[in-house]
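Right, one structure below, let's go through it.
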Amino acid sequence: MQGKLSDVPIGEAGSVVVEEEPSPRPLPEYQERGREQDWRLPVMTCALTRLGGVDMMARVMAYNFTAIEKKWQQHWRENRSFRALDPRDAGQMPKSYVLDMFPYPSGAGLHVGHVENYTATDIISRYQRMKGFNVLHPTGWDAFGLPAEQYAIKNNRHPREFTAANIDNFRRQIQMMGMSYDWDREIDTTDPNYTKWTQWIFLQLFNSYFDKTDGQAKPIAHLLNELANENLVVAPDGEVVINPVQEGMERISGDLRVERLWRELDPDEQRGVIDGQRLAYMDEVPVNWCPALGTVLANEEVIDGRSEVGGFPVERRPMRQWMLRITAYADRLIDDLDMLHWPESLKEMQRNWIGKSTGAQVEFEIDPATIPGGGVDQFAQGSERQPERDPALATQVTTAADDGDDDDLTLTVFTTRPDTLYGATYMVLAPEHPLVDRITTPTHRETIEAYRKQVAAQSERDRMADTKEKTGVFTGAYAINPINDERIPIYIADYVLMGYGTGAIMAVPAHDQRDYDFAKKFDLPIRYVVKPVSGEMPQDRAFESEGVAINSALFDGLPTAEAKEKAIDVLSREGNARRSVNYKLRDWLFSRQRYWGEPFPILLDEEGNAYAVDESELPVTLPQISDYKPTGTPEPPLSKASDWLKVTRDGKTYTRETNTMPQWAGSCWYYLRFLDPKNSDRFVSAEKEQYWMPVDLYVGGVEHAVLHLLYARFWHKVLYDLGHVTTPEPFLRLVNQGLILGEMEYHAFETDDQLMVTAADLTEVGEEAQESGVQMVAKVAATGQKVRGRRLSEEDVEKRGAEYVLKSNPSIRVDARSFKMSKSRGNVANPDDLVRDYGADALRLYVMYMGPLEMQKPWNTRDIVGMTRFLNSVWRNVAEKPTGEEKQLNEPVHNQLHRTIKKVAEDVETLRFNVAIAELIKLNNELTGRESVPRYLKEALVLMLAPFAPHMAEELWQMLGHQQSLAREAWPRYEAAALVEASMELPVQVNGKVRDRIIVASDATEQTILSTAEKSTAVQPWINGKEIKKRLYVPKKLVNFVVV
RNA sequence: GCAGGAGUGGCGGAAUUGGCAGACGCGCUGGUCUUAGGAGCCAGUACCGAAAGGUGUAGGGGUUCGAGUCCCCUCUCCUGCACCA
């Protein structure tokens, strides 16, 4: 279809029939050029635009992309062209598992970021199929979650109905892009057949504990066995520890910390111990409660004291919630990062989030003279640990402690720098620290209380707001530094957090900037005890690096690392210190007070004890209730489903757990379900898991760095420990596609003027803009004209208008910036519009051609036209030019073809799609000047184009006489011999500057080449009469003469 | 502040292990074909210079016959974490 508008029959194009009214929206080009006024878009052209994607007046398309794309999408669907073969059918084919982060089907529809992500993996998948791989490339819907529920509530629709509509829309959009997914494997996390297995995995967590000795998860049954056999005993804090008797150590009778045997516990205590060991457990802990969302949130979902979804304030309050013991895996989650091919930045984010720091706990005695009435050790003990898991046992500890010795009240701190102990000149407790009450002297009680109130009233956000100005109050109490028996004051300050370490620090102002700031403000002594190995001691700030100990009696002269060791050794002899590791990572808060999530497969008895629902009863489905809105209180909406709530088992009545799982539950294991999506007996068959895992390539956004990607690794490791999967890590190679920003905006600033003009504004103004300098800057920026440091002449103004005026006016500055796409900014690119106007193939090419996959880059709709031109040109060269059957081996284009085959394959394999496309364009440009194109060139070009622009490639392949789809046609092979050319061009440099290029035979000797180069007439003037000190020939690269 | 990444024409971006800086695309300029062009085709397009030639990869220094690439210092931008002891 080429030529004039009148040639095209009205009302039809190809097999497609006009169904809708023409778009009232003019094409972008018309808007940009400000021609709307004098040009009316004919209705017929609009219809054609919609039909053939062809705006006849704007661009004459060589082919009807809409018809072709529809045709092939239908073909692929009907023939299930991209089906992955099950292991037993795959024969000797190597497998490849290419995975996208499956979408959350939001109401907003597909984003160009999705298009970028899915096109990249689609290219890889299509390429690998052509290379003979058995490729698994699936997709599905991560469809539980807050946004759908909120939207549903707002619009008074059921989340299920709304989600279903969104999924249909997403599926339509993804199919319209021509993605080669295996649709037989489509999954939906809200489907009861899927939820069943999410719940099943949860029960695996519930029925397991973490064996610290072996560092892995094991079934609870194993723990019971160990306890019954007295290999393990129960410590006072409820922890299970190795039986010292079994270890060959005596039990110390009468000691507060004495362990008890399993049979010594009553049934309630036994239950408490077991429940306290589960990987999924309930605990009363301070959680992130978000009143606006009506639910609690995981730490990972809270950013700067606000909810990640919606940005609502979040407050801390203690609530009894489900937790997953991810902290048990902290070390493995860090260590195993080393085996992954992931972006370094992302690994670093996970390491930082887990936040492992190694150091020591040091005990400081509190000077009894300073405290009112002495004290008991209980709080110091308690504060070293996570909150008690079992209230019954906690009570016991307290009771036991009351009988203890009243005199040695100690304060435990965590430090990574025990080598700086001599520099500890004061101590600080978190305001919430339980010991504060006991040590505060009467004279200070009032100020301490006032300060604690003030801190408590501050939101998390306020507290973080000003981190510069330190605040705090003196308690009146003193502690004894165990290294030198020095008496140092104890403060409370909000820069010490109860949630990290022990909630107490020894302050070393000389070597910690925060302590330094505090010490300056409160006029506390600053004592340097480490000096730099070389260079000056910093002035007016702390020296935080490592160095050599000074002013530290015992450690003087020791490098920091050794001093640390020595400090721990010395103090641990007196029992005042022990090695200690701290993590920022907290256990994963796993319950939500929302309707639209997976119900827990858990029944609760009257005491609130949890029991697993029997596997045969899975899935526990969501009840159909009319009122699924959050209650605004911690009471979940499911508590309103009275019929569903009560369950009788064996004559006893239980209540169902009414919290639901967070959105992340479904995405924690979906990559496993794709392997075997219809299995009703197991979450995945062992055979298929072994065949397909691990994921070979995983592509998605970086926003899930410490959410999905951490959670999924954790679940996977649990499944691994329990023998359900065979790889320790799920995602071998991971790539983050870079964010696509909105179109570049040009802003012109006139020194003090606030005036800003964007490129779009400017074109509106058009030619009348002459008088406004700022507007002209915008025009200059927008059109790309460059004018620099030139005086103005009459002619200049005549020729190029006010552009010169501008640039000669230094008070005007132009900024080019692009911003994140957002509705409010109005810079969101819509895939539906783009596919209608340019076609899926052009859009796919464009998003890949924009720049490197991993990099952030601005959108520019204008540039898509380049890809349209390329496709049109390929069409002309392949479909419209006569096919020459001859193969001219000595033609340069023959060499180029083989170089291109090699290069494109390399570029695809290294995900450098932008470069691969450039190579294809270059090859096609070679064909453009020709009258006819040999068949082998046409076919090779079409095959190489196939992963990028599959619709057109299929159509051309068919036109070339092939009956079969090219989806599994072999990728063209290059011949090494064809890469070698008879002659080559070499640059000749003199002192590193190119002076000439010579053409020599490829097999010429170094001697011949050097003498040819030296004789070159263009080189002669540069070497004539000078001494050539060196003659360099870099094979196949260049010649360089060094002269003096 | 800490960590990770980046800085190349008017714009997006190319440049194997150090070896012709600016591939390819957009935009722009000119030509051509056209009733028309906002389609196609051809040519040009880093900067300064009439030319010869010179200068150029954020800035400064270094290593080298040769540096966008390696080393040191400085600056700017992005992303993440952020009072984590």
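Proteins come first, then strands; the chains are lettered A, B, ... in the order of their sequence lines, and each starts at number 1.
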Find every protein N or O atom lying less than 3.5 Å from an N or O atom of nucleotides 65-75 of chain B, and list the pairs.
residue : atom : partner : partner atom : Å
B/C65   : O2   : A/N1040 : ND2          : 2.7

Query - Interatomic distance at C1', B/C48 relative to B/G56, whole Å - result: 10 Å
**Report entry** Within-4.5 Å side-chain heavy-atom neighbours: A/I1028 and A/E1014
**Finding:** yes
Requested in this report: Using a heavy-atom cut-off of under 4.0 Å over every strand shown, decide if A/P343 touches base, sugar-phosphate, or nothing.
Outcome: nothing
Report task. Indicate whether the side chain of A/N860 and that of A/Y846 have a donor and an acceptor atom separated by less than 3.5 Å. Result -> no
Report task. Give the rounded distance in Å between these two atoms: CG of A/D512 and P of B/A82. Result -> 18 Å
Query - Atom pair distance, as rounded to whole Å: CE in A/M349 and P in B/G4 - result: 14 Å
Query raised in the report: Which whole number of Å gives the distance between the C1' atom of B/G7 and that of B/G22?
Result: 16 Å
Query - Contact check, side chains of A/L585 and A/E300, non-hydrogen atoms, under 4.5 Å - result: yes
Using a cutoff of under 3.5 Å, can you pull out all pairs of nitrogen or oxygen atoms linking the protein to nucleotides 54-58 of chain B, with atom names and distances?
residue : atom : partner : partner atom : Å
B/G54   : OP1  : A/R995  : NH2          : 3.3
B/G54   : OP2  : A/R995  : NH1          : 3.2

Query - Short side-chain to backbone donor-acceptor contact, A/R417 and A/E544, under 3.5 Å - result: yes
Query raised in the report: Taking the six-membered ring for Trp, are A/Y63 and A/W875 parallel (under 30°), tilted (30 to 60°) or perpendicular (over 60°)?
Result: parallel
Requested in this report: Mind checking A/K584 for me? I need base, sugar-phosphate or nothing, with any heavy atom below 4.0 Å counting as a touch.
Outcome: base
Query raised in the report: Which part of the nucleic acid, if any, lies within reach of A/E344 when heavy atoms closer than 4.0 Å are counted: base, sugar-phosphate only, or nothing?
Result: nothing
Requested in this report: Taking Watson-Crick and G-U wobble pairs with both distances under 3.5 Å, convert RNA chain B into its dot-bracket string, 5' to 3', dots for unpaired and | for cross-strand pairs.
Outcome: (((((((..(((......[....)))((((((.......))))))(((....)))..(((((..]....))))))))))))....
Query raised in the report: If you measure from the P atom in B/A43 to the same atom in B/C26, how many Å do you get, rounded?
Result: 15 Å
Query raised in the report: So what does A/R351 touch, heavy atoms closer than 4.0 Å: a base, only the sugar-phosphate, or nothing?
Result: nothing
Query raised in the report: Strictly by modelled atom types, are A/Y838 and A/T861 linked by a side-chain donor-acceptor pair under 3.5 Å?
Result: no
Query raised in the report: Should A/Y500 be listed as having a side-chain N or O under 4.0 Å from OP1 or OP2 of B/A85?
Result: yes
Query raised in the report: B/G9: syn or anti, with syn meaning chi within 90° of zero?
Result: syn
Requested in this report: Over all heavy atoms of both residues, which pair between A/D494 and A/Y451 is shortest? Give the atoms and the distance, please.
Outcome: N-OH, 3.0 Å
Requested in this report: Compare side-chain N and O positions of A/T502 against OP1 and OP2 of B/A85 and report whether any pair is under 4.0 Å apart.
Outcome: no
Query - For A/V990 against A/R995, the heavy-atom pair lying closest together - result: CG2-CG, 3.9 Å
**Report entry** Centroid-centroid distance, A/F522 to A/Y426, less than 6.0 Å
**Finding:** no
Report task. Return the nearest nucleotide to the side chain of A/R869; candidates are B/A14, B/A39, B/C24. Result -> B/A39
Query raised in the report: For A/N925, which contact category applies under a 4.0 Å heavy-atom criterion: base, sugar-phosphate, or nothing?
Result: sugar-phosphate
Report task. Using the C1' atoms only, state how far B/C2 lies from B/G66, rounded to an integer number of Å. Result -> 38 Å
Query raised in the report: The side chain of A/P852 lies closest to which of these nucleotides: B/C42, B/C83, B/G13?
Result: B/G13
Report task. Is it possible for you to check whether A/K470 lies under 6.0 Å from the centre of the six-membered ring of A/F518, through NZ or CZ, and within 45° of that ring's axis? Result -> no
Query raised in the report: Do A/K903 side-chain atoms and A/E919 backbone N/O form a donor-acceptor pair below 3.5 Å?
Result: no
Requested in this report: Starting from P on B/C81, measure out to OH on A/Y583 and report it in whole angstrom.
Outcome: 21 Å
Report task. Under 4.0 Å between any heavy atoms, over every strand shown, what does A/R912 touch: base, sugar-phosphate, or nothing? Just pick one. Result -> sugar-phosphate
Query raised in the report: With distance as the sole test, does A/D419 use its side chain to make a donor-acceptor pair with the main-chain N or O of A/A567 at under 3.5 Å?
Result: no
